[in-house]
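Below is one structure, written out as structure tokens, with a few remarks after it.
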There are 2 protein chains.
Amino acid sequence: MRLTTKGRYAVTAVLDLALHSQEKPVNLSDISERQAISLSYLEQLFSKLRKNNIVKSIRGPGGGYLLNSPKDEISVAHIINAVNESIELSRCDGRANCHDGKQCLTHNLWVDLSLRINEFLDNISIGELIRQNERQAVQSARSMVDAISVTTV
Amino acid sequence: MRLTTKGRYAVTAVLDLALHSQEKPVNLSDISERQAISLSYLEQLFSKLRKNNIVKSIRGPGGGYLLNSPKDEISVAHIINAVNESIELSRCDGRANCHDGKQCLTHNLWVDLSLRINEFLDNISIGELIRQNERQAVQSARSMVDAISVTTV
DNA sequence: GCTTTACTTGACTATTTTACTTGGTTATTA
DNA sequence: TAATAACCAAGTAAAATAGTCAAGTAAAGC
């Protein structure tokens, strides 16, 4: 599991897609404009997302991309791993390098941690992310209203 | 929060330090050899770790590095953020770019997620990582013993 | 106090990844 | 058949990563 700006771009783009595609496909030009990501870079990212069955495409005029599954079934981990190709070069995989055991221990510790991070991000779906944000927005709007009513009363 | 091989190197090195420094300082050459990380790269990483009060150094012969706090008070997030400088270029910070609100929404969603990842990694300490691994080792040893005793009885 | 050891610092370089560009081709619809 | 938008491939600039080198400085021990 790697977490770089590339992953952020991908998650942001999928979030944009989830927010804008009500049955109608969304084309990359629109996402490019809204999220300020270059069109061709988006094409590369979406090519990987499509190959990983996260989105599906419709060609031709009026075409674009759609989520391939319900929002709640698309995890952040899935998106990030899709664009990162995740060839996770885990050094001592069986042979070599791990001569004295101690090195293998630290390596194992890292693998454990890596698994835990992956598991964590696998439990956060696009749908959940959006809902949580909506709740927060409602809450802050409410407290804003409260604040106003307090100051005006 | 960014999670790259650089962060892995740093966490691995601190784990190695935690495992090997029983009151005595550990020098970077030893870590370099054990973890197969170049000495000069370790120097750069430890310079940042020291500035962030994660480790302390002792100069001169017999010198090296020690953890600056108990194992349980050093979080994985702390280590990763220390070496990554975390200048997290969060695009629309107030001004610019965020014209239509929608873009800001996706941006906020990412920031939320980022905070959650950070919080998650902040709750995993070096000490906890090591202990968990020990438990696993004991368990697998136990189940191995069980398996053997079953097959031999 | 001098020498040795070993950390410290900074500048410099190679490699890899990221982000983007260009220039196309192919499928679909109006 | 003209316009649209996905698809594809090669190349490129900039940034991050990983490592090198050389000149320091602090501490230990003789």
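Just so it is clear: chains get the letters A, B, ... in the order the sequence lines come, proteins before strands, and each one is counted from 1.
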>> Rounded to whole Å, how long is the line connecting atom NZ of K24(B) with atom C1' of dA6(C)?
In response: 16 Å
> Rounded to the nearest Å, what distance is computed from the CG atom of residue N84(A) to the P atom of nucleotide dT17(D)?
Replying inline: 13 Å
> So, S32(B) side chain and I37(B) main chain: donor-acceptor pair closer than 3.5 Å or not?
Replying inline: yes
>> If the condition is salt bridge (Lys or Arg N to Asp or Glu O under 4.0 Å), which residues does R59(B) pass it with, not counting sequence neighbours?
In response: none
>> At less than 4.0 Å, is any side-chain N or O atom of R2(B) found next to OP1 or OP2 of dT17(C)? Yes or no.
In response: no
>> Using a 4.0 Å heavy-atom cut-off, does F46(B) contact any base of the nucleic acid, only the sugar-phosphate backbone, or nothing at all?
In response: nothing
Find every protein N or O atom lying less than 3.5 Å from an N or O atom of nucleotides 25-30 of chain C, and list the pairs.
{"from": "dT26(C)", "atom 1": "O2", "to": "R59(A)", "atom 2": "NH2", "distance (Å)": "2.9"}

> Rounded to the nearest Å, what distance is computed from the OH atom of residue Y65(A) to the P atom of nucleotide dA5(D)?
Replying inline: 13 Å
>> By the definition side-chain hydrogen bond (donor to acceptor under 3.5 Å, both in side chains), identify the one residue from D122(A), N118(A), N81(A) that meets it with S75(A).
In response: D122(A)
Measure all distances between protein nitrogen or oxygen atoms and nitrogen or oxygen atoms of nucleotides 18-23 of chain D, and list the pairs falling under 3.5 Å.
{"from": "dA18(D)", "atom 1": "OP1", "to": "T5(B)", "atom 2": "OG1", "distance (Å)": "2.4"}
{"from": "dA18(D)", "atom 1": "OP2", "to": "T5(B)", "atom 2": "OG1", "distance (Å)": "3.3"}
{"from": "dA18(D)", "atom 1": "OP2", "to": "K6(B)", "atom 2": "N", "distance (Å)": "3.3"}
{"from": "dA18(D)", "atom 1": "OP2", "to": "Y41(B)", "atom 2": "OH", "distance (Å)": "2.9"}
{"from": "dG19(D)", "atom 1": "N7", "to": "Q44(B)", "atom 2": "NE2", "distance (Å)": "3.3"}
{"from": "dG19(D)", "atom 1": "O6", "to": "Q44(B)", "atom 2": "NE2", "distance (Å)": "2.7"}

> When the distance from CG of L45(A) to P of dA6(D) is rounded to whole Å, what number comes out?
Replying inline: 14 Å
>> Using whole Å, what does the distance between atom P of nucleotide dT17(C) and atom CZ of R8(B) come to?
In response: 12 Å
> N27(B) has an atom CG; how far is it from atom C1' of dA27(D), in whole Å?
Replying inline: 15 Å
> Could you give the CG-to-C1' distance, from L28(B) to dT9(C), as a whole number of Å?
Replying inline: 14 Å
> Can you tell me how far P of dA6(C) sits from CD1 of I31(B), to the nearest Å?
Replying inline: 14 Å
